[in-house]
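Whatever order the structure lists ligands and atoms in, that order sets their numbers, starting from 1. Residue numbers count from 1 along this sequence. The basis for the numbers below is simple: all heavy atoms, side chains too, and nothing from hydrogens, waters or symmetry mates.
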Amino acid sequence: MKSIKFLLLLLITITACQTPDSPKQEWAIALHGGAGNMDKAKFSEADIKNYEVALQDALELGKKALTEGQSAIDVVELVVRKLEDNPLFNAGKGSVFTNDGRNELDAAIMDGSNLNAGAVAGVGDIRNPVSAARLVMEKSPHVLLIGKGASLYASQNGIELVDSSYFYTEKRWQLLQRSLQKAGKNGTVGCVALDKNGNLAAATSTGGMNNKRYGRVGDVPIIGAGTYANNNTCAVSATGHGEYYIRYTVAHDISALIEYKGLSLNEAARNVVNGKLSNEAGNGGIIAVDKNGNITLEMNSTGMFRGWANSTGDEGVAIFK
Ligand code: ASP
């Protein structure tokens, strides 16, 4: 009789602890290739296909690595490098130009297991800025290195430098010529991941805003603005009008709503992206994954290049809202 009672109690306890609507994922990943107000009519079928293939390829790379048991920090770097190498996106090859015709790239990476972070800003000759950000995180006593100092440190530590002409693409050059009067055009890339050991990580990389002022730094390399990860809450990578993301510390705000107010990832992301951010011109979106593997892809724009996958098989890529 005693043992039956004990078993019953055990059963009740187990049932009470389960959250049947959100099973914990072994791993989860989300990525983005920028957000903005996109008019579907302006995209050709071929354009859409190209973006979908690029997103899917990057997603497959991340899925495979997570399934094999690679760490979240390795995976977000791997995926962002792949997106940086693709000229379709405004990061690495294909970055936008400053108003005086330069490429100035920003990137950041954060490890949610120990709150270590690294970033580079305003670099013009590092092929994969996300790897330089990781170098700063792991090898230097600093969080953020800028410009020539970042490049020198990267080259001294075996990171590949390229001639600044490597970043040139005709499409981005024409974009600058068309819009020398105004700022805009997104295409930043980012990735967030939960690995099999329960560790979270985030990475973001960008050419910044088209037609930005020479010397301008956006939200991406500012930890807590465009990039943030904390094993106790979530990992976030943002894209949009960086000045607002800095002022509203968007990525950390989402984490803080979970940590201090007990909000779900979805609620927290919606509160920030479709709350205070959308009340301003903070047009854009975020991708995030929490410690249970829940994924959120929240935007206040009409589109965000995005992809997601988890260990129970929910996955996809999408562009428009
Ligand atoms: N957030 C980036 C920046 O302001 C741009 C973007 O995401 O498109 O530099």
Could you tell me whether [X] and ligand 1 have an N or O pair separated by under 3.5 Å?
X: G240; value: yes
X: T239; value: yes
X: G208; value: no
X: H241; value: no
X: T188; value: yes

Close approach, G226 and ligand 1, non-hydrogen under 4.0 angstrom: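 Distance cut 4.0 Å: G226 fails for ligand 1.
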
4.0 Å heavy-atom contact, R216 with ligand 1: yes

Numbered atoms and elements of ligand 1 in range of D219, under 4.0 angstrom, heavy atoms: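 Checking each atom against D219, I get 1 (N), 2 (C), 3 (C), 4 (O), 9 (O).
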
Connected-component partners of Y260 among ILVMFWY, side-chain separation under 4.5 Å: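 Direct or chained contacts put Y260 with none.
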
Remaining members of the apolar cluster that contains M299, side-chain heavy atoms under 4.5 Å: V192, L194, L200, I287, V289, I295, L297, M304, W308

Parallel, tilted or perpendicular: ring planes of H241 versus Y244, cut at 30 and 60 degrees: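 It falls in the perpendicular class, over 60°.
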
Parallel, tilted or perpendicular: ring planes of W173 versus F97, cut at 30 and 60 degrees: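 If you compare the ring of W173 with that of F97, the planes turn out perpendicular.
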
Heavy-atom side-chain contact between V123 and K148 under 4.5 Å: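 Answer no - side chains too far apart.
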
K93 charged N/C atom sitting above F167 aromatic ring, 6.0 Å / 45°: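 No; the conditions do not both hold, so K93 does not lie above the ring face of F167.
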
